[in-house]
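Below, read A as the first sequence line, B as the second, and so on, with proteins coming before strands; counting in each chain starts at 1.
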Protein chains: 2
Amino acid sequence: MPQKPIICTIDVVLLCLQGSALHVALLKRDKPPFEGGYALPGGFIHPEEDADTLDAAARMLNEKTGIASPYLEQLCTFSGAARDPRGWSISIVYYALVPAELIKPDRAPGLQLQPVDQLRTLPFDHKEIVLAAVERVRSKSSYSSLPVYLCGEQFTLPRLQAVYEAILGEPINKVSFRRKMDELDMLEPVEGALEAGRANRPAQLYRLKNQYRNRLSLSGRAMTANSDH
Amino acid sequence: MPQKPIICTIDVVLLCLQGSALHVALLKRDKPPFEGGYALPGGFIHPEEDADTLDAAARMLNEKTGIASPYLEQLCTFSGAARDPRGWSISIVYYALVPAELIKPDRAPGLQLQPVDQLRTLPFDHKEIVLAAVERVRSKSSYSSLPVYLCGEQFTLPRLQAVYEAILGEPINKVSFRRKMDELDMLEPVEGALEAGRANRPAQLYRLKNQYRNRLSLSGRAMTANSDH
DNA sequence: CAAATAGTGTCTATAAGACATTATTGG
DNA sequence: CCAATAATGTCTTATAGACACTATTTG
């Protein structure tokens, strides 16, 4: 009955922190439509290869950026007649968070990091998609351990607090923050490891407890009284 | 390249409250696979007719159950090689909440309401889908006005509190509940309308403020300290 | 007026935030 | 010792919950 089949793709919003600004990874497109433009890494499902769309997203991310992200979650599906000039399409979108050091531009030709808060227009509805992913990350960060995925293996509490503040966009009370980290019960100190080097008391290094390597730790109460869930 | 195209469908989880138990609407399937089994209302996208998948979900819900739900939101997309015997498939799932009175079995042949907390195995991965929808509803209910969609046009505060308690599965402090409703600022009293009839002080009837007819009101803090977001 | 439930006032407990103090480093 | 920042103790403020009291109806 339908003349044209529905175009069915996967896109991945790969986020990292540079300085205190959240950035998204964009790739130069090497075929039409929007050839030469920068867009989200994405592509078609390979039914023979991918068990499901999460699988497909992980494969795509790895193929296009060389990254195997420990955190990769479905955002939602964007769809409709208007979003792709080729026809009626859907895109099942996943998002990933990684430390910026993990993104090696030489490993991925045509890769570019753009700050999400001053994004130019992107091909398809990719700007809208990125903004939806950022909103999700900001919202989840206020009651979960999500931002630790933006840090490396080991990090200090002041560093982690700075990461939370960068995402939430507002300062957090130091005592409350440490109480909350304690309550989330996801961190363990790296015995004897301190971050020295500067002219002050060195900070204790922490790492994620094993059980939270691939799972979020959740808190009943939000970090700050922000109203966007 | 791909021998078989990906099977691309929409499913809708329609929820309502009967007594104090959340129920899901299931339809008797009139074609294979799983012919004769009870499954979620769903079907194929009509690219000529539907502007996007939300549109398709609304159409499908209306065609199959006769209901035009004011609240219809995307849950997420289920996918993979294993979930449909016909082949590699995706299902973009939406969920809706309506007052039970709105579901008229005579209007929809083969429709059945099942309590979500004692669900038997369903065709495809529909049981998993229902459980995911219920978890989303429970989680969102703890910090939003979502449960009002399970009430009719007008309702009393004790009734609304009972609806919240039915969804969250635990009693709520009356004073806290009323403070929260006040804070959400989504209700207005229906002037002069009281729910009389019983041998006690009659309760004030309320309705949703106009601006929240099709939008949730959100609170920064959760209703109860439940840890599943 | 007794029973029943609506609606409100107020005290207590808990959690968040402000602020100050101590700790530990390099120079 | 001074500057800088980590880490923690403690007081204040805000929010949530317990409980009791008043209000309004039917029979």
Check your understanding: Near DNA chain D, which residues from residues 173-188 of chain A have a heavy atom under 4.0 Å away?
Key -> Lys174(A), Val175(A), Arg178(A)
Point to revise | Pairing of Arg59(A) and Glu63(A) as salt bridge, 4.0 angstrom limit | key: yes
Practice item. Kindly point out which of dG7(C), dT24(C), dT26(D) is positioned nearest to the side chain of Ala199(B)? Key: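 When the side chain of Ala199(B) is considered, dT26(D) is the closest of dG7(C), dT24(C), dT26(D).
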Just how far, in rounded Å, is [atom2] of [N] from [atom1] of [X]?
X: Glu195(B); N: dT24(D); atom1: CD; atom2: P; answer: 17 Å
X: Asn200(B); N: dC1(C); atom1: CG; atom2: P; answer: 19 Å
X: Arg221(B); N: dA16(C); atom1: CZ; atom2: P; answer: 7 Å
X: Glu165(B); N: dG17(D); atom1: CD; atom2: C1'; answer: 14 Å
X: Arg201(A); N: dA7(D); atom1: CZ; atom2: P; answer: 6 Å
X: Tyr143(B); N: dA16(D); atom1: OH; atom2: P; answer: 16 Å
X: Gln161(B); N: dT5(C); atom1: CD; atom2: P; answer: 14 Å
X: Leu194(A); N: dA23(C); atom1: CG; atom2: P; answer: 16 Å

Between [X] and [Y], is any side-chain donor less than 3.5 angstrom from a side-chain acceptor?
X: Ser79(A); Y: Thr53(B); answer: yes
X: Tyr71(A); Y: Glu73(A); answer: yes
X: Gln204(B); Y: Thr156(B); answer: no

**Study point:** NZ (Lys28(A)) with more than 12 external heavy atoms under 6.0 Å
**Key:**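 For Lys28(A), atom NZ is not crowded (no more than 12 foreign heavy atoms under 6.0 Å).
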Study note, to complete from the structure: So CG of Leu72(A) and CE of Met60(A): to nearest 0.5 Å the spacing works out to 10.5 Å
